[in-house]
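Everything on this sheet refers to the single structure shown next.
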Protein chains: 2
Amino acid sequence: MDRGEILAAPKNFEVLRELILERRRELPKRLAQVAAFALDHPDEIAFGTAASIAGAADVQPSTLVRFSQAFGFDGFSALQTVFRARLRERNSSYEDRLAELESGDAAPAGSAAILGSFIAAAHRSLDNLGTAIDPKRFESATITLASARTIHLIARRRSYPIATYMAYALSQLKIRCQIAGTASGIDDDLLAMADPGDAAFAISFSSYAPETIAQASALAARGIPIVSLTDSAFSPLAECSTVWFELVEADHAGFRSLSASMAFAMALAVAIAEERRRTQN
Amino acid sequence: MDRGEILAAPKNFEVLRELILERRRELPKRLAQVAAFALDHPDEIAFGTAASIAGAADVQPSTLVRFSQAFGFDGFSALQTVFRARLRERNSSYEDRLAELESGDAAPAGSAAILGSFIAAAHRSLDNLGTAIDPKRFESATITLASARTIHLIARRRSYPIATYMAYALSQLKIRCQIAGTASGIDDDLLAMADPGDAAFAISFSSYAPETIAQASALAARGIPIVSLTDSAFSPLAECSTVWFELVEADHAGFRSLSASMAFAMALAVAIAEERRRTQN
DNA sequence: CCGCGCGTAGAATAATTCTTCCAAATTCGG
DNA sequence: CCGAATTTGGAAGAATTATTCTACGCGCGG
C-alpha cells in the first residue's frame, strides 16, 4: 500500500481539490469515479451520508472509505469534514488569506496579522450582508424613510458611529435628520417632538442599550414607523420595528468592526435620497 | 401533547424562520433558547450533531428533539434537513448573486442595486487596504500609540464616526483616549493639555477639515507623535505626521462608505491593546 | 494456460448518533 | 400554600451510519 505516500490529508478544500485533479489519472476505476463525483457534486459529499453518496455515485460505501484513505484521511468522515468546512466559510479566497495570516509562521508581525484578520472578517461580513438582506424589505425601508419629514437616528455605544455617519451623509444629501444619543437628557425631549410624519432608524447590537430600545418603542407606540438594524431576530428592537434587518458582523477574536454596517448605512442613505428625488420631481 | 397543532413541518427555511419568530413568545424557556440559537447560528444546526449543537446551545439533546417536534417535525433530523437545504441553495446561487452585484448596475430593483454597489465598493476598498498598508508602518504606528499615556483622536465630518468608534473600542480595551471634534470651543483647550507622553491619531479625507489639520499640526509642533489616516500622500495631514497611512475608499457614484476605514480603525485599536499587553506584562 | 496481485463488492462489525421514556423540577391556577 | 399540568434533565435503547474484513473477479505476466 505504501508507495511512499505519507501525504498528510489536506484540511483545506482548495488544496484537496488540486490534489484530486492531479492524481485523478492514476486512480483505479472506482476511485476515479468517486473523484469525478466529488468534484462535480461537492455539496452532496458535504451533506450526504456515506450510503446516500455511494448510491448517487454508484459505488459501494466502502469505496468511499478507501478513497478517503487514499488521500490520507482517517476515514470518510474526515474527508467529509473538509467538504463541510468549505460550505461554512463561503468565501474561500478571503478565508484562505486569513488562514495564511493566522497560521503564517512567516510571522508578519503581530499587528499586521491583526489587520489581516479584520480585513478578512470584514469581507465575510459584507458577503453575509449581500445574502442576508432581502431586497424587498430594503426597498420598503427606503420608502418608509424617504417619506418621513425628519428621520430620527437612534443608537448608542457601538452603534453610535453608524448614526453619526448617517447624520453626516443625510445632511449632505439635504435630508433632515435628528440624532439621538448625545447628551442623555435632551434626547427624550427631542424625540417627544417627533410627529407621525417622521420616521426613525434605530441601530442596536448584541447587549442592547436600554435607552435605544426604550426610545424606539416609545416612538413606535406613537405610531411613528421604525426601521432598525440589529444582529438577531430576537432583538428587542425587532419587535417594535416596522421593518428590521438582521446583520451579523464577523469578528476577530470577539472584536467586531462595523464595516458591513457602514456599507449598509451608506447604501440606505443614498437609496433614500434617490427615492426622494424620484418621487418629488 | 396535541394542543390542536397539526401544523405541517415547513419544508422551506424561510417559512420555518417565520414560524419560529411568530411562536417564540409562547415557547417554554429551553425551547426558546433553542429557537434563539437556531436563528442566530443556522450553520451550526446544519452541520453539527445533535450532541454538539446541544452543547453549544447549552441544552440537552432531547430538548432539540422536542423543539423539532413542537414545530411539526418527526425528529431532530428532519428539522436539520431544512437547515441543510437552505445552505445548499444559498451556496449554489451565491456565485450568481456575487456576479450580479459586481457586474454593476445590472438588474435588481433600484434601492437593492444601490446596496449591491456599496457592498462591491466596500470589497474593493478592503482589498485595497490589504495591499496598500505596509505591515512595518502599521507595526510602528501600533507601537507609537501603545506607548502613549492618552491617545487623542482628531477627526471631523466624514471621519468623525471613525473616531467615535475608536473611542468606544479603546475604552472597552481600557485604553485612555480623548476625542476631539465635539463642541468646537472645548477641543483646543483639551488638546492644549496634551503632554509629550501622549500621542494622537488623526483622520481626514478629501476636502480636509481645517480644524483637524490645525489641531494635528499644533500637537506635532509640541513634539507629540501623530499617526494619521488620510486619502492622499499629498494630504496636509501627512506632512505633520510621524506615521501616516493612505487609504482610498472605493465609491458608488461618488459616495464613499467607511467600511475599510472601520476595519483599519478596529485593527489598530486591537493591535494597540495587544502591544500593551505584551510589553506591560 | 495458469498463478499472482491488485481492486472491488458485500456483509459483518463497531461506532456514532438520534430518539424515547420516566422521574424530578418547575410553573401556574386555585 | 397545595395540587395538577407542563417542562426539563438524564440515561437507556433503537436506529442509523461508518468502517473493517473476507472472498471473489479481473487483468497481467510468466
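What's counted below: heavy atoms across the whole structure, side chains too, no hydrogens, waters or symmetry copies. To find a chain, count down the sequence lines: A is the first, B the second, and so on, and within it residues start at 1.
- Taking the screw axis at each terminus of the helix from C/dC1-D/dG30 to C/dG30-D/dC1 from five consecutive base pairs, the angle between the two is 20° to within rounding of 10 degrees.
- A/F138 pairs by the ring-ring contact (aromatic ring centres under 6.0 Å, His included) definition with A/F264, not counting sequence neighbours.
- Aromatic ring orientation, A/F13 versus A/F83: perpendicular (interplanar angle above 60°, classes split at 30° and 60°).
- The interatomic distance linking A/I53 (CD1) with D/dT19 (P) rounds to 11 Å, in whole Å.
- Distance CD (A/Q60) to P (D/dA18): 14 Å, rounded to an integer number of Å.
- Residue A/E26 contributes atom CD, which lies 16 Å from atom P of C/dC6 at whole-angstrom precision.
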Exercise answer: donor-acceptor pairs, residues 48-61 of chain A side-chain atoms, under 3.5 Å, sequence neighbours excluded:
unit_1, atom_1, unit_2, atom_2, d
A/T49, OG1, A/A51, N, 3.4
A/T49, OG1, A/S52, N, 3.1
A/T49, OG1, A/S52, OG, 3.4
A/S52, OG, A/T49, N, 3.0
A/S52, OG, A/T49, O, 3.0

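- Residues A/S125 and A/E249 share a closest heavy-atom pair of OG-OE1, 3.3 Å.
- Evaluation of the side-chain contact (heavy atoms from CB on, under 4.5 Å) rule for B/A32 yields B/L27 as partners, not counting sequence neighbours.
- Among residue pairs with one or both ends in residues 18-67 of chain B, those qualifying as ring-ring contact (aromatic ring centres under 6.0 Å, His included) are A/F47-B/F47, B/F37-B/H41, B/F67-B/F71; sequence neighbours excluded.
- When the side-chain contact (heavy atoms from CB on, under 4.5 Å) test is applied to A/D134, the partners found at least two apart in sequence or on another chain are A/K136, A/R137.
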**Request:** Summarise protein proximity over nucleotides 17-24 of chain C in one line of letters, 5' to 3': B for base, S for sugar-phosphate only, - for none, counting protein heavy atoms closer than 4.0 Å.
**Result:** SSBB----

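- Evaluation of the ring-ring contact (aromatic ring centres under 6.0 Å, His included) rule for B/F118 yields B/H252 as partners, not counting sequence neighbours.
- Among residues two or more places apart in sequence or in another chain, the side-chain contact (heavy atoms from CB on, under 4.5 Å) test is passed with B/E14 by B/N12, B/R17.
- In this structure, CG of A/L27 is placed 12 Å from C1' of C/dG7, rounded to the nearest angstrom.
- Scored by the side-chain contact (heavy atoms from CB on, under 4.5 Å) test, B/S259 finds A/S259, A/M262, A/A263, B/A122, B/S257 as partners (sequence neighbours excluded).
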Tell me which donor-acceptor pairs under 3.5 Å the side chains of residues 228-235 of chain A have, and how far apart each pair is, sequence neighbours excluded?
unit_1, atom_1, unit_2, atom_2, d
A/S228, OG, A/S241, OG, 2.7
A/T230, OG1, A/S204, O, 2.8
A/T230, OG1, A/S235, OG, 3.0
A/D231, OD1, A/S206, N, 3.3
A/D231, OD1, A/Y208, OH, 3.0
A/D231, OD2, A/S206, N, 2.7
A/S232, OG, A/F234, N, 2.9
A/S232, OG, B/D40, OD1, 3.1
A/S235, OG, A/L237, N, 2.9

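- If you measure from atom CZ of B/F67 to atom P of D/dT8, you get 12 Å, rounded to the nearest angstrom.
- Going from atom CZ of B/R30 over to atom C1' of D/dT6 covers 15 Å, rounded to whole Å.
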**Prompt:** For nucleotides 25-30 of chain C, read 5' to 3', which letter fits each nucleotide if B means a protein heavy atom sits under 4.0 Å from the base, S means only the sugar-phosphate is that close, and - means neither?
**Reply:** ------

